[in-house]
S.K.: 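One structure is given below, represented as structure tokens, and several questions about it will come after.
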2 protein chains.
Amino acid sequence: MDSSTEEKIYEAARKIFVLKGMEGARMQEIADEAGMNKALLHYYFRSKENLFKAVFKDIFSKFFTRVKGTLLSEITAKEKLGIFIDNYIDLIAANPYVPQFIINEINRDPKVLKSLMFESGIEPQKILGMFLHEVESANGTKLDPRHIVVSLLGMLIFPFAGRPLLQMIYFNDDVEAYNQFLNERKTIVKNMILKFIEA
Amino acid sequence: MDSSTEEKIYEAARKIFVLKGMEGARMQEIADEAGMNKALLHYYFRSKENLFKAVFKDIFSKFFTRVKGTLLSEITAKEKLGIFIDNYIDLIAANPYVPQFIINEINRDPKVLKSLMFESGIEPQKILGMFLHEVESANGTKLDPRHIVVSLLGMLIFPFAGRPLLQMIYFNDDVEAYNQFLNERKTIVKNMILKFIEA
DNA sequence: CTTTGGTTTAACCGTTTGGTTAATTTACGA
DNA sequence: TCGTAAATTAACCAAACGGTTAAACCAAAG
């Protein structure tokens, strides 16, 4: 660990905030996680809200930036959908609590959304707008593409957000079986979306 | 308001807990919402955790009981799916924060899940098991029905959980337009699921 | 009217919380 | 080697928190 103190604080804060949310997180816990005195958090970031905003803004923009990369490759719309689904599932699998974290914090304080999107540099409207366009050209504007996007995101996020419930009810708390189930979803979701768009 | 003191506390607690979660809720805020002294909350329910458990257990079991009712009618599997989707969307529309609340609290403390299901009387496994059976007989066991159920629930819940984000990005914060979008989803989701199962 | 028991309240308590401060340590250029 | 500014710490603070308590209130039984 040769990263700077500020970076250590930031990474510890990210971990704790994503796991417990703004209200559930404690400054002392973040300090412990970073292995240093609590006062240092206030030395580098003035307040808890400041630290949280820095973390949240970064997670928010990075998440959408990753999505953007997926949608910029030069292939057909349907291929893009397939690649998007693969990459998005991998992205959530690597950060399983992030989507739910983003949803929770936006619901907790929806006011920050506008300034957040502006300050984050990237504009989700354009990214998701690109996505809408992919869907639109794939199904020939027969359907409202917003329904496709919402269905797609719901199908991708829910198995992660509802994991404790689903894993227990359907998989007898077998972690490996559930991981395989999550992998299978790439194919399943692709088939569902494409079948619906084509028909 | 001629309901008893205990009922008033309970309803206030339900409202605040669902809106802000266990950690975000304050006993004083619940007392204010109920229009009475904070000490009364401890007089009727011993502790915050007690009060929360009572509320959560009740919400959890009522939500699954409602789902159960939908699946018990005597019609074909495909018809049941359609009716289930209609009723489930109406149910969430009447309690838009409940699914996310349940998901959050289960993630926060997954240990309580088992005892919760046991104490709540109804067993989600059986209810969702019934649902699996409907899906199974509708698609002739060609697909793992668990994927269908997870997709279906994700498609139904996500537009409510992600509302602030989706409403802003796709509907310019037009509340009425988003409400109409939510209504359209009944048809859309039905078509998606049925098309996928039949094919 | 008085007593009795459940109900309600204001005031209080100990702990935890985010945040501050003054002093100490460290890094490093003059 | 010294001096200085940044970095780090222990100790502290006020406010907010969940929870308690003792007294006041109130309805019903005697």
Side-chain angles (χ1 to χ4, degrees), chain A residues 1-59 101 104-109 111-112 115-116, chain B residues 1-59 101 104-109 111-112 115-116:
Chain A
M1 277 294 173
D2 53 350
S3 55
S4 74
T5 300
E6 189 171 346
E7 280 168 344
K8 277 189 212 157
I9 294 175
Y10 185 86
E11 276 156 31
R14 183 191 152 98
K15 177 178 172 183
I16 302 296
F17 276 136
V18 166
L19 228 51
K20 310 204 167 181
M22 161 70 173
E23 279 165 342
R26 301 286 157 241
M27 291 298 268
Q28 186 59 57
E29 194 179 2
I30 294 173
D32 293 346
E33 175 74 31
M36 60 187 56
N37 192 287
K38 187 185 58 157
L40 274 182
L41 310 199
H42 292 94
Y43 179 77
Y44 285 98
F45 306 82
R46 278 189 354 239
S47 64
K48 182 185 183 183
E49 200 179 316
N50 248 11
L51 179 55
F52 175 79
K53 278 184 181 171
V55 168
F56 187 62
K57 194 186 300 182
D58 187 54
I59 288 178
F101 169 68
N104 278 333
E105 295 305 327
I106 284 178
N107 271 285
R108 188 176 62 85
D109 184 11
K111 288 172 304 191
V112 300
S115 59
L116 189 79
Chain B
M1 279 291 174
D2 54 349
S3 54
S4 74
T5 301
E6 189 171 346
E7 281 168 344
K8 278 189 211 159
I9 294 175
Y10 185 86
E11 278 155 31
R14 183 191 154 98
K15 178 177 170 184
I16 302 295
F17 276 136
V18 167
L19 229 51
K20 310 203 167 184
M22 162 70 172
E23 278 165 344
R26 302 284 158 241
M27 292 298 267
Q28 186 59 58
E29 194 180 1
I30 295 174
D32 293 345
E33 175 73 30
M36 61 187 53
N37 191 286
K38 186 186 58 159
L40 273 182
L41 310 200
H42 291 93
Y43 179 76
Y44 284 98
F45 306 82
R46 280 190 351 238
S47 64
K48 182 185 183 183
E49 199 179 316
N50 248 11
L51 179 55
F52 175 79
K53 278 183 180 170
V55 168
F56 187 61
K57 194 185 300 182
D58 187 53
I59 288 178
F101 168 68
N104 278 334
E105 295 304 326
I106 284 178
N107 270 285
R108 189 177 61 84
D109 184 10
K111 287 173 302 190
V112 300
S115 59
L116 188 79

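All values below come from the heavy atoms of this structure, side chains included, with hydrogens, waters and symmetry mates left out. What you see is a predicted model, and the numbers here were worked out from it, not measured in a lab. Just so it is clear: chains get the letters A, B, ... in the order the sequence lines come, proteins before strands, and each one is counted from 1.
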S.K.: Could you run down nucleotides 18-24 of chain D 5' to 3' and tag each one B, S or - for protein heavy-atom contact under 4.0 Å?
M.R.: BBBB---
S.K.: Give, for atom NZ of B:Lys15 and atom CD of B:Glu33, the distance between the pair rounded to the nearest 0.5 Å.
M.R.: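 Those atoms lie 3.5 Å apart.
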S.K.: Mind calculating the distance between OH (A:Tyr43) and P (C:dA23) to the nearest angstrom?
M.R.: 17 Å
S.K.: Find the distance A:Glu29:CD to C:dG18:C1' and express it as a whole number of Å.
M.R.: 14 Å
S.K.: To the side chain of A:Leu40, which of D:dA6, C:dT8, D:dT9 is closest?
M.R.: D:dT9
S.K.: Find the distance between CE (B:Met36) and OH (B:Tyr44) and round it off to the nearest 0.5 Å.
M.R.: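 The OH atom of B:Tyr44 is 8.0 Å from CE of B:Met36, to the nearest 0.5 Å.
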S.K.: Checking side chain to side chain contact (heavy atoms under 4.5 Å, CB included) for the pair B:Phe45/B:Phe52: CA distance, chi angles, key distance, verdict?
M.R.: CA-CA 9 Å; B:Phe45 306 82; B:Phe52 175 79; over 6 Å; no
S.K.: Between A:Lys20 and A:Glu29 (salt bridge meaning N to carboxylate O under 4.0 Å), is one present in this structure?
M.R.: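 Judged by the 4.0 Å cut-off on N to carboxylate O distance, A:Lys20 and A:Glu29 do form a salt bridge.
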S.K.: Is a side-chain N or O of B:Lys53 found less than 3.5 angstrom from the main chain of B:Leu116, in a donor-acceptor match?
M.R.: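 No, B:Lys53 side chain to B:Leu116 backbone: no donor-acceptor pair under 3.5 Å.
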S.K.: What's the CZ-P distance between B:Phe52 and D:dC17, to the nearest Å?
M.R.: 18 Å
S.K.: From CD of A:Glu23 over to C1' of D:dC17, roughly how many Å is that when rounded to an integer?
M.R.: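 Rounding to the nearest Å, CD of A:Glu23 and C1' of D:dC17 are 13 Å apart.
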S.K.: Counting any heavy atom closer than 4.0 Å, what does A:Tyr44 reach on the DNA or RNA strands: base, sugar-phosphate only, or nothing?
M.R.: sugar-phosphate
S.K.: When the distance from CG of B:Leu41 to C1' of C:dT7 is rounded to whole Å, what number comes out?
M.R.: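 About 14 Å, once rounded to whole Å.
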S.K.: When the distance from CD of A:Glu6 to P of D:dA6 is rounded to whole Å, what number comes out?
M.R.: 15 Å
S.K.: Quick one: B:Asp32 CG to C:dT8 C1', roughly how many Å, whole number?
M.R.: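 Atom-to-atom, B:Asp32 to C:dT8, this comes out as 15 Å.
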S.K.: Starting from the C-alpha separation in whole Å, work towards a yes-or-no answer on side chain to side chain contact (heavy atoms under 4.5 Å, CB included) for A:Phe17 and A:Ile59.
M.R.: CA-CA 11 Å; A:Phe17 276 136; A:Ile59 288 178; over 6 Å; no
S.K.: OP1 or OP2 of D:dT8 less than 4.0 angstrom from a side-chain nitrogen or oxygen of A:Thr5, does that happen here?
M.R.: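 Answer yes for this pair, as a side-chain N or O of A:Thr5 is under 4.0 Å from OP1 or OP2.
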S.K.: Run the side chain to side chain contact (heavy atoms under 4.5 Å, CB included) check on B:Tyr10 and B:Asp58 step by step: do they pass?
M.R.: CA-CA 10 Å; B:Tyr10 185 86; B:Asp58 187 53; 2.7 Å; yes
S.K.: Would you give the length of the straight line joining atom CG of A:Leu41 to atom CD of A:Gln28, rounded to the nearest 0.5 angstrom?
M.R.: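 These two atoms lie 8.0 Å from each other.
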S.K.: Taking atom P of D:dA7 as reference, at what distance in whole Å does atom CD1 of A:Ile9 sit?
M.R.: 11 Å
S.K.: State, to 0.1 Å, how close B:Arg14 and B:Val55 come at their nearest heavy-atom pair, and which atoms those are.
M.R.: CA-CG1, 3.7 Å
S.K.: Take the C1' atoms of the five end pairs on each side of the helix from C:dC1-D:dG30 to C:dA30-D:dT1, derive the two axes, and give their angle rounded to 10 degrees.
M.R.: 20°
